[in-house]
Enquirer: 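Quick one: the structure is below, and I'll ask about it shortly.
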Amino acid sequence: ISEEGTCILIHCSDGWNRTTQLVSLIQLLLDSHYRTLRGFQCLIEKEWVAFGHRFEERCGHGSRQFDNDSNIAPVFLQWLDCVWQLMQQSASAFEFNEYFLQHVVDQMYGCQYGTFLFNSQADQKAAKAYERTESLWTDVNRNKELFVTKTY
């Protein structure tokens with residue numbers, strides 16, 4: 001793709017789950033910017049949050065039927081595991097560390113920040129999430145030294 005300048009079209013059945021996982025992994029592999037702390041945040045915002053990954057449904061935020069909810073699926077968590085697997089193979093290619101990935105997972109399920117609480121940016125805007133909660137990235141960037149490696 002990068003060497004020959006070819007284009008690809010990726011489309012899975014609904015476009016929200018496997019498509020986002022695959023497109024995000026491809027970008028992470030092809031563009032070193034997305035392997036930096038800021039670049040990774042940008043990738044998540046662009047391909048997951050702005051594209052409309054259904055975090056509220058997939059994570060079960062607010063679900064009273066957690067055990068019986070067929071919409072709950074660890075799609076984003078699976079993608080983060082893929083990122084972790086890549087980091088195990090080439091740690092020095094990533095600016096961020098394993099603790100950063102763990103922090104993202106903890107905060108996704110901990111619901112402290114508005115970043116992963118909603119199914120779309122429209123829902124986020126309607127709930128005035130960024131007026132009522134802080135973005136996870138504000139916290140991460142404030143404490144950057146905790147999340148970067150020395151080998152990058």
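All values derive from a computational prediction rather than experimental measurement.
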Enquirer: Does any non-hydrogen side-chain atom of L146 lie less than 4.5 Å from one of F100?
Expert: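 Of all side-chain heavy-atom pairs linking L146 with F100, none is under 4.5 Å.
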Enquirer: State which residues pass ring pair (Phe, Tyr, Trp, His ring centres under 6.0 Å) with Y99; sequence neighbours excluded, sorted by chain then number.
Expert: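 Partners of Y99 by the ring pair (Phe, Tyr, Trp, His ring centres under 6.0 Å) criterion, ordered by chain and then number, come out as F147.
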Enquirer: With a 4.5 Å limit on heavy-atom distance, are the side chains of V105 and Y109 in contact?
Expert: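 The answer is yes; the side chains approach within 4.5 Å.
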Enquirer: Side-chain contact test, heavy atoms from C-beta onward, threshold under 4.5 Å: evaluate it for V148 versus N97 and give yes or no.
Expert: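 Not in contact.
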Enquirer: When you measure from the side chain of Q27 to the backbone of Y34, do you find a donor-acceptor pair of N or O atoms at a distance under 3.5 Å?
Expert: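 Absent.
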Enquirer: Does a donor on one side chain sit under 3.5 Å from an acceptor on the other, for N141 and Q41?
Expert: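 There is such a pair between these side chains.
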Enquirer: So F116 and H53, do their side chains get closer than 4.5 Å, heavy atoms only?
Expert: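 Answer no - side chains too far apart.
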Enquirer: Do the side chain of T36 and the main chain of G39 share a donor and acceptor less than 3.5 angstrom apart?
Expert: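 Yes.
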Enquirer: Starting from I44, can I reach L86 by hopping between I/L/V/M/F/W/Y residues whose side chains sit under 4.5 Å apart?
Expert: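 Yes, same cluster.
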Enquirer: Do we see a donor-acceptor contact under 3.5 Å between the side chains of D139 and H103?
Expert: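 There is such a pair (donor and acceptor under 3.5 Å, judged by atom type) between the side chains of D139 and H103.
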Enquirer: Just wondering, more than 12 heavy atoms not from E3 lying within 6.0 Å of its CD?
Expert: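 At most 12 heavy atoms, drawn from other residues, nucleotides or ligands, come within 6.0 Å of this atom.
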Enquirer: Name all residues meeting the side chain to side chain contact (heavy atoms under 4.5 Å, CB included) criterion together with V83; count only those two or more places apart in sequence or in a different chain, and write none if there are none.
Expert: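 For V83 the side chain to side chain contact (heavy atoms under 4.5 Å, CB included) partners, ignoring immediate neighbours, are L28, F40, W79, M87, F94, F96, L101.
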Enquirer: Taking the side chain as C-beta and beyond, is there a heavy-atom pair between S32 and R35 under 4.5 Å?
Expert: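 Yes, their side chains come closer than 4.5 Å.
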Enquirer: Any donor-acceptor pair under 3.5 Å linking the side chain of T138 with the backbone of E134?
Expert: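 Checking the backbone N and O of E134 against the side chain of T138, no donor-acceptor pair under 3.5 Å is found.
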Enquirer: Side chains of T133 and Q112, heavy atoms from C-beta outward: is any pair under 4.5 Å?
Expert: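 In short, these two side chains do not touch, never coming nearer than 4.5 Å.
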